*Asks:* 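Would you mind keeping the following structure in view while I ask a few things?
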Amino acid sequence: MTIEYIITEHIQRAVSELYQTEIGIDNIVIQETRKEFEGQVTVVTFPFTRISKKTPEQTGVELGEYLKEHITEVVEFNVIKGFLNLSIADSYWIDQLLNNVLSQGFGQFPSNGKRVMVEYSSPNTNKPLHLGHVRNNLLGYSVAAILTANGYEVIKVNLVNDRGIHICKSMLAWQLFGNGETPESSGLKGDHLVGKYYVIFDQEYKKQIADLIQAGETEENAKKNAVLIKMAQQMLLDWEAGNVEIMALWSMMNTWVYAGFEQTYNMLGVDFAKYYYESDTYLLGKDIIDEGLEKGVFFKKEDGSVWIDLTEDGLDLKLVLRADGTSVYITQDLGTAQLKFDDFNVDKSIYVVGNEQDYHFKVLFLILQKLGKSWADGLYHLSYGMVDLPSGKMKSREGTVVDADELMDDMIRTAQERTEELGKVDGFSDDEKADLYNMIGLGALKFFLLKVEPKKRLLFDPNESIDFQGHTGPFIQYTHARICSVLAKANYSSKLTLSHSPELTMLEKELIVNLSKYPGFIAAAAKEYSPAHIANYIFELAKLFNKFYHEESILKAEDLNVKNFRLDLAAATASIINKGMALLGIRVPERM
RNA sequence: GCACCUGUAGCUUAAUUGGAUAGAGCACCUGACUACGGAUCAGGAGGUUAGGGGUUCGACUCCCUUCAGGUGCACCA
């Protein structure tokens, strides 16, 4: 039972006894005491003044006296303005450390019996992954890990966009200009090879447009009538008709792409329980259209197209089926949402998709609610801001992207240079070195992307490579390695028993207070689907530990009991760093 | 034009969801026991929280308004 809980209960009793009024939990605000004041736990007394009819100070003193008398852990209190600061006994904090923080399951909530799906990554098969995908992948992976820690059963899925006109463009360009080039013959990663032809298509297409304009066509007509775009459109029709030759080309190029993606995902450290493919799902959703028409949620126009009127909800009319009976984007998303639910019977379904699709998901969820789907309330769009460069927006077609593979390679190389400069890898084997550079490079990248609130957009300057000092992944990794080093020197392996409770220093107490807050951050991160909370918490923890480490010696502590206690404290810190970073998909080294 | 999102130190950002003197990191300046690991620690300087109004004991946070930036408003996905 946490001290906050005990205090809350006693405040209810105190208010009832002192002022003869019952108050709800909502009125009780408990927070951590600010560093400049004495105490660890603070109660805000303003909400009670209306009941007590006294000043905030008087109310605070009365409550403080009551709490001190009735709760053994409350040893002292002071009131400053409307804030009642409580000092909690050292014994409580020591008990927290030894029996809570250091226990096996700390930070892992028991199963809540709920199942949640997290869809993320969602690549197109016509181009390699870029920085935007990296943010998406890291967010998806991390949110999945956080939900798991909160007791959910999590199913990670990837919905691959493997069909459509854009896919045909790279296929066509390869057919026309590829000369049979393969990943083997070119030495290119499969996804990069295909991406190369997507760019070539665009270049050739632009040339044709320019030629047509030269010949007197309007720009609009030139775009419509260029031979290449006509051919691509024909190819899409052939694909939909199941043309054998086209299907063979499609599946061959897909195989290349998937091999490339697999490599990138491995490097990023992300994984999926299931892949959905749009080539399988693009025809879904028609039965939902029928259902909606039956229920009167949708209506049909004279031309046969099907619509929904969302004007009462402040939105517009939305087409859900074309006049010719074929699907649009939202049709298949309606169908896919149903499919996911049918496949896994999930309670919640999270879509990790960029904020340019905010409107789309708003509409999608609203339609499903109107259709009366019982699971519609569990749908959530985890929207994140786009990553842009100093030069502006990234465009795959124009080749102005920060490529995911290159970026990771750069990060790892920088980690290597930095580490070698510091001369810290004596006694490492080549494999260990490679693993370490990978850990640090990717740790820096992941922390950089995850420490910012998802919905904020991110500016990424490739020339100013990511820092390795300060508010960074490597700073935290370093702290961890440092603790491991101390523990190794002391031959620490598991929790030490203390002969008696030591008197805590300010910093020790602060550290324990901090450590015991970990589960609260896990819960908050899940509630808001924001790994940034954990990233910033772990950073604060690492910083605090470094301060403690600097000011109070562990191995040279004044007596054995204090030394053992500090070893436990250090071990607990390392453990939380490790757990928290794991939720971000970041590994921490024992030496670096 | 309409809708949604964002705006905090020079830069990158935080603020326990309405609580105390708005915290950090980078960059800049000054320091740290002959270092339990200096990828560290301590200190300095840097803020009208885009501007204006309102709500209340109390506002970066909620409401109104103006400004700036972004995104979306296809029988594309």
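Only a predicted model underlies this, so the values are computations on that prediction, with no experimental measurement involved. Only heavy atoms go into these numbers, but all of them, side chains included; no hydrogens, no water, no symmetry mates. Sequence lines set the chain letters: A, B, ... in the order given, protein chains first and strands last, and positions in each chain run from 1.
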*Asks:* Of the nucleotides B/rG37, B/rA15, B/rC41, which has the atom closest to the A/E453 side chain?
*Replies:* B/rA15
*Asks:* Could you give the OH-to-P distance, from A/Y282 to B/rC75, as a whole number of Å?
*Replies:* 20 Å
*Asks:* Indicate, with a heavy-atom threshold strictly under 4.0 Å, whether A/T419 touches base, sugar-phosphate, or nothing.
*Replies:* base
*Asks:* When we call it a touch if two heavy atoms are under 4.0 Å apart, what does A/A481 touch: a base, just sugar-phosphate, or nothing?
*Replies:* base
*Asks:* Can we say A/R34 and A/E36 salt-bridge, meaning some charged N sits less than 4.0 Å from an Asp/Glu carboxylate O?
*Replies:* yes
*Asks:* How many whole angstroms separate atom CZ of A/F361 from atom P of B/rC5?
*Replies:* 17 Å
*Asks:* Scan nucleotides 19-31 of chain B nucleotide by nucleotide, 5' to 3', and note B when protein non-hydrogen atoms come under 4.0 Å of the base, S if they reach only the sugar-phosphate, - if neither.
*Replies:* BBS--SSS-----
*Asks:* Just to be sure I understand the rule, does A/I440 reach a base, reach only the sugar-phosphate, or reach nothing, if contact means heavy atoms closer than 4.0 Å?
*Replies:* base
*Asks:* What is the distance, rounded to the nearest whole Å, between atom CZ of A/F448 and atom C1' of B/rU12?
*Replies:* 7 Å
*Asks:* Would you verify whether the NZ or CZ of A/R135 falls within 45 degrees of the ring axis of A/Y384 while also being under 6.0 Å from that six-membered ring's centre?
*Replies:* no
*Asks:* Looking at the side chain of A/R418, which of B/rA77, B/rU13, B/rA39 is the nearest nucleotide?
*Replies:* B/rA39
*Asks:* Without decimals, in angstroms, what is the distance between A/F548 CZ and B/rA35 P?
*Replies:* 20 Å
*Asks:* Could you check A/K547 against A/N161 and say which one's nearest nucleotide on RNA chain B is further toward the 5' end?
*Replies:* A/K547
*Asks:* Roughly how many Å is it from CG in A/L555 to C1' in B/rA35, rounded to a whole number?
*Replies:* 13 Å
*Asks:* Between A/Y329 and B/rA77, does any side-chain N or O lie under 4.0 Å from OP1 or OP2?
*Replies:* no
*Asks:* Within the structure shown, what part of the strands sits under 4.0 Å from A/E4 by heavy-atom distance: base, sugar-phosphate, or nothing?
*Replies:* nothing
*Asks:* Answer with yes or no whether A/D303 presents, from its side chain, a donor or acceptor under 3.5 Å of a partner atom in the base of B/rC75.
*Replies:* yes
*Asks:* Is a salt bridge present between A/E417 and A/R413, judged by a nitrogen-to-oxygen distance below 4.0 Å?
*Replies:* no
*Asks:* How is A/V486 classified with respect to the nucleic acid when contacts are heavy atoms under 4.0 Å: base, sugar-phosphate, or nothing?
*Replies:* base
*Asks:* Expressed in whole Å, how much space separates the C1' atoms belonging to B/rU12 and B/rU16?
*Replies:* 22 Å
*Asks:* Quick one: pull up CE in A/M171 and CH2 in A/W250 and give me the separation to the nearest 0.5 Å.
*Replies:* 8.5 Å
*Asks:* For the side chain of A/H550, starting at C-beta, report the closest nucleotide among B/rC33, B/rG70, B/rC75.
*Replies:* B/rC33
*Asks:* Is A/E278 touching bases, backbone alone, or none of the nucleic acid, heavy atoms closer than 4.0 Å?
*Replies:* sugar-phosphate
*Asks:* Tell whether A/T479 reaches the base of B/rA39 with its side chain through a donor-acceptor pair below 3.5 angstrom.
*Replies:* no
*Asks:* How close or far is atom C1' of B/rA77 from atom CH2 of A/W239, stated in whole angstroms?
*Replies:* 13 Å
*Asks:* Answer yes or no on whether A/K451 is positioned over the face of A/F475, meaning its NZ or CZ is under 6.0 Å from the six-membered ring centre and within 45° of the axis.
*Replies:* no
*Asks:* Using a strict cut-off of less than 4.0 Å between a Lys/Arg side-chain nitrogen and an Asp/Glu carboxylate oxygen, indicate whether A/E510 and A/K547 qualify as a salt bridge.
*Replies:* no
